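Computed from a predicted model, the values in this text were never measured in an experiment.
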2 protein chains.
Amino acid sequence: MLEKTDRKILHELQFDSRRSAATIGEKVGLSASACHRRIRLLEDRGVIEGYGARLNAEKLGYVMTFFVEVTLEGQSETVLGAFERAAAARPEVLECYLTTGTADYVLKVSAQDTDDYERIHRRVISGLPHVIRIQSSLVMKTVKSWRGYPVE
Amino acid sequence: MLEKTDRKILHELQFDSRRSAATIGEKVGLSASACHRRIRLLEDRGVIEGYGARLNAEKLGYVMTFFVEVTLEGQSETVLGAFERAAAARPEVLECYLTTGTADYVLKVSAQDTDDYERIHRRVISGLPHVIRIQSSLVMKTVKSWRGYPVE
DNA sequence: GGTGAAATCGTAGACTG
DNA sequence: CAGTCTACGATTTCACC
């Protein structure tokens, strides 16, 4: 699926996308242009979806994170579809997953403070279509946050 | 805490960090150098922690994602610390959070296939220190994946 | 895939308003 | 704190081996 050299390139770019093709090429044993060609190819194939800045959540004011388990009234395609569209449209909902297990969906939500969370809980999540049960877990400590996939 | 213009800059950089200061400046109503100065400042202040490539998990072979709730035998600092260090060190553990609620920790784990997950479950997670209970939820659908904080 | 060179682009600095 | 202008450097891109 992916070659060893490609994986090394991806590994580098995951953690610092500002490295130049020349720098990465040196690390992986390729010339700058060969490395650059591979990167372009990885972009074209969609392996690399884009490049983004990693922001510090706390410095943005997002000091609280929650995992919210949501149960819906029923499982029909209509119900699930309506919920998913509404959830995805809310900026407060950072992530949303349909999962097996006790609940139907798991959401990741960030809040600025307790008032903000109260607002999100009551106005946003409770207001999503067909929600009948909500159970929140506050993140007390982020032991490991997302840094990238094990690609090497 | 953060000014409107800074937020706009961060918004742009979150989604495409390859935009130049000139391009972003145009969007936010600043000259290239003024915009560049602000970006540097945001980096220096630690609001921007770095820049990375967003990779497509499926094209890397990570077609399965799990949320794993882990309960430990006890809550002493020693127990928690040992678990956290071990969990953070495993590349298969993409994320790890200490949470309120029924379990102690929530882990996010990616696997290449069912065999890979079996391996991770039995060899990795069960082998983390002081684990007495594991409950996994398979992600059946990613409704919304992480795109960035609502910063505007 | 490598080389090398050309053209482009982006950053950084000094200075002014 | 923003704008302009400039210069330097780095990076991409291309044709060819």
Heavy-atom side-chain proximity of B:Phe83 to B:Tyr105 below 4.5 angstrom: yes
Here the distance between atom C1' of D:dT12 and atom OH of A:Tyr51, to the nearest Å, is 13 Å
Looking across every strand, which nucleic acid part, if any, lies under 4.0 Å from A:Arg37 by heavy atom: base, sugar-phosphate, or nothing? base
Length of the line joining B:Glu3:CD and D:dA2:C1', which is rounded to integer Å: 12 Å
Specify the residue among B:Ser31 and A:Ala22 whose closest nucleotide of DNA chain D lies further upstream toward the 5′ end. B:Ser31
Among C:dT11, C:dA12, C:dG2, the one nearest B:Ser20 by side-chain distance: C:dT11
May I ask whether B:Val124 and B:Met64 are part of the same hydrophobic cluster, defined by side-chain heavy atoms of I, L, V, M, F, W, Y residues being less than 4.5 angstrom apart, directly or through others? yes
Would you classify B:Ala21 as touching base, sugar-phosphate or nothing, given that sugar-phosphate means primed atoms plus P, OP1 and OP2, and contacts are heavy atoms under 4.0 Å? sugar-phosphate
I'd like to check the salt bridge (charged side-chain N to carboxylate O under 4.0 Å, His left out) partners of A:Glu69; sequence neighbours left out, ordered by chain and number. none
Between D:dA10 atom P and A:Ile24 atom CD1, what is the distance in whole Å? 16 Å
Can you check whether any acceptor in the base of C:dT11 is under 3.5 Å from a donor in the side chain of B:Ser33, or vice versa? no
So B:Arg19, base contact, sugar-phosphate only, or nothing? Heavy-atom distance under 4.0 Å. nothing
Rounded to the Å, how far apart are A:Ile39 CD1 and C:dG1 C1'? 15 Å
Nearest to the A:Ala34 side chain among C:dG10, D:dT12, C:dG1, which nucleotide is it? C:dG1
Look at the aromatic rings of B:Tyr62 and A:Tyr149 and report parallel, tilted or perpendicular, splitting at 30° and 60°. parallel
Can you tell me how far C1' of C:dG1 sits from NZ of A:Lys4, to the nearest Å? 17 Å
Side chain of A:His36 (C-beta onward), nearest among D:dC1, D:dT12, C:dG10: D:dT12
Quiz item: B:Arg18 side-chain donor-acceptor pair to C:dG10 base, under 3.5 Å: no
What is the distance, to the nearest angstrom, from the CG atom on B:Leu30 to the P atom on C:dT11? 14 Å
Side chain proximity check, B:Asp6 to B:Arg45, heavy atoms < 4.5 angstrom: yes
